[in-house]
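A quick note: this is a predicted structure, and the numbers were derived from the prediction, not measured. If you read the sequence from its start, that first residue is 1, and numbering goes on from there.
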Amino acid sequence: ASRGLYGFGYNYNSQPGSYRQQAGNPDLKWEQTAKFNVGVDLALWERRVNVEFDYYRHLTKDMVFNVPLSLTSGMSSIPTNVGELENKGFEFSVGVGSANKNEIKKLSTDLPIESSITIVEPGRDIYTWKMKEWAGVDPDTGSPMWWIVNRDKNGKEISREKTTNYNKATKEYVGKASPKFQGGLTSSLNLYGFDFSFQLNYSLGSKIFGDNLRYDEQTGAAGVQNTTRYVYEKSGANSASTRYLMKGDYLKIRNITLGYTLPKDLVQRIHLNNVRIYVSSDNLHTFVAKDFRGFDPSGIAPNGVQWWNYP
């Protein structure tokens, strides 16, 4: 990312040509992270129960972000060391989980780095969603609608109104992709030769933006695909908004195993030491939020953007 890159093969009028693909930044340097961890491990009841508690704080400096450039430069952004991020939280294990909080501490300027659906600014989570809020469809015309939020001088919401003009709709903070709590639970039981074990994973408090849904749900996607005339004419309905923002909560059954070990006196008659019969299933089912539309929320990247992610 520190070097400017050019691609070839962009010919014009039968003459060879090249294209500037990446703006170089010779001042770019490695990110640096300072880490602090402290923990306590306990073994109770002759090690039948193990408890672990850890607290951590990680501070990353010189974070690299793609800072927007004027399009007159021929490039839309340039990688720059502009950020400082703090990650802190605790992990508590009897097989329970962990809570983490991250916060942008500093940028090189007071201006946030903003896209159509996200914002990076001091005091907030690095994966904060900020976008226009979906207000449904006008029942009389079928036109898509979004919210205009009116605020006082202190930023407090005082009223809101619907609009069919996407450009007039206001952008609002609508959550973050980072989960508030996540973890897993594992247990095993043994009784009269039978054994049963399971492993669960879960995540709570995150939100996922289904970018692929803008093309999959017949809401006004690219006209090169098969669409109804109504969808084609109302093509603005698939503009980025909370219409495609979903809860990322899930509970996944990673594994369930049920087995039975035959009595030793029985297996020794056939000159064997041990015989165990079992059935096992991996990724049996994933329970998700009612509004989630996708394959598997656990397969989404940390930035929370779903793009035809498979399980």
Side-chain angles (χ1 to χ4, degrees), residues 68 71 76-77 112-121 124-125 127-152 155-179 203-250 286-301 303-311:
L71 294 179
S76 60
S77 63
I113 301 173
E114 194 166 354
S115 73
S116 60
I117 59 174
T118 64
I119 186 168
V120 177
E121 63 180 340
R124 294 191 180 273
D125 190 284
Y127 298 124
T128 296
W129 299 116
K130 186 181 182 184
M131 65 186 76
K132 302 188 178 189
E133 294 186 281
W134 174 248
V137 175
D138 188 319
D140 296 325
T141 65
S143 298
M145 299 186 296
W146 299 270
W147 287 107
I148 297 175
V149 179
N150 302 306
R151 300 182 180 277
D152 61 20
K156 182 179 180 181
E157 180 178 334
I158 53 177
S159 66
R160 54 173 58 206
E161 55 189 294
K162 296 178 181 179
T163 179
T164 56
N165 187 330
Y166 180 79
N167 294 325
K168 289 184 178 181
T170 54
K171 295 176 67 176
E172 305 295 325
Y173 295 97
V174 289
K176 57 184 182 179
S178 302
S203 179
L204 301 171
S206 69
K207 288 191 175 182
I208 293 171
F209 184 78
D211 205 9
N212 62 302
L213 302 179
R214 299 170 59 197
Y215 305 92
D216 291 344
E217 294 189 337
Q218 286 276 307
T219 54
V224 296
Q225 300 173 352
N226 292 327
T227 58
T228 63
R229 179 177 179 182
Y230 168 77
V231 168
Y232 182 79
E233 291 176 348
K234 305 297 181 183
S235 59
N238 77 326
S239 299
S241 73
T242 56
R243 181 175 193 173
Y244 308 104
L245 192 66
M246 311 167 288
K247 291 183 179 179
D249 300 347
Y250 69 85
T286 302
F287 299 92
V288 300
K290 290 183 179 180
D291 66 345
F292 178 75
R293 293 103 72 197
F295 291 117
D296 188 345
S298 68
I300 308 299
N303 65 2
V305 177
Q306 176 180 271
W307 187 252
W308 292 296
N309 302 73
Y310 52 83

Correct closest heavy-atom pair for K207 and L245 would be CD-CD2, 3.9 Å

Check N165 against N167 and note the closest heavy-atom contact, atom names and distance. OD1-N, 3.0 Å

For a 4.5 angstrom cut-off between non-hydrogen side-chain atoms, does M131 reach W146? no

Any side-chain heavy atom of P179 within less than 4.5 Å of one from L204? no

Nearest 0.5 Å, what's the CD1-OG distance between I113 and S77? 9.5 Å

Separation between NZ of K171 and OG of S116, rounded to the nearest 0.5 Å: 6.5 Å

Measure from the side-chain N and O atoms of R243 to the backbone N and O of A237, and report whether any donor-acceptor pair falls under 3.5 Å. yes

How far apart are the closest heavy atoms of R151 and E157, and which atoms are they? NH1-N, 3.5 Å

side-chain contact (heavy atoms from CB on, under 4.5 Å) test vs D296 passes for just one of N309, T286, V288, namely T286

Check: E161 side chain, N150 main-chain N or O, donor-acceptor pair, under 3.5 Å: no

Note: M246 and R293 closest approach over all heavy atoms is SD-N, 3.1 Å

Using the six-membered ring wherever Trp is involved, compare the ring planes of Y215 and W308 and label them parallel, tilted or perpendicular (cut-offs 30° and 60°). tilted

Distance-minimising heavy-atom pair for A240 and Y166: O-OH, 2.7 Å

Taking the side chain as every heavy atom from C-beta outward, state whether Y173 and I119 have any pair of such atoms under 4.5 Å apart. yes

Kindly indicate whether the side chain of Y244, heavy atoms from C-beta on, has any atom under 4.5 Å from the side chain of E217. yes

Report yes if some heavy atom in the side chain of W129 is under 4.5 Å from a heavy atom in the side chain of T242; otherwise report no. no

Starting from the C-alpha separation in whole Å, work towards a yes-or-no answer on side-chain contact (heavy atoms from CB on, under 4.5 Å) for D138 and K162. CA-CA 9 Å; D138 188 319; K162 296 178 181 179; over 6 Å; no

Got T170 and R160 here, is their nearest side-chain heavy-atom distance under 4.5 Å? no

For S178 and D125, work out which heavy atoms get closest and say how close. OG-OD1, 2.9 Å

Is any side-chain heavy atom of Y250 less than 4.5 Å from a side-chain heavy atom of F287? no

Distance, nearest 0.5 Å, that separates CD1 of I117 from CG of D211: 6.0 Å

Quick check: are there more than 12 heavy atoms from other residues, nucleotides or ligands sitting under 6.0 Å from NZ of K247? no

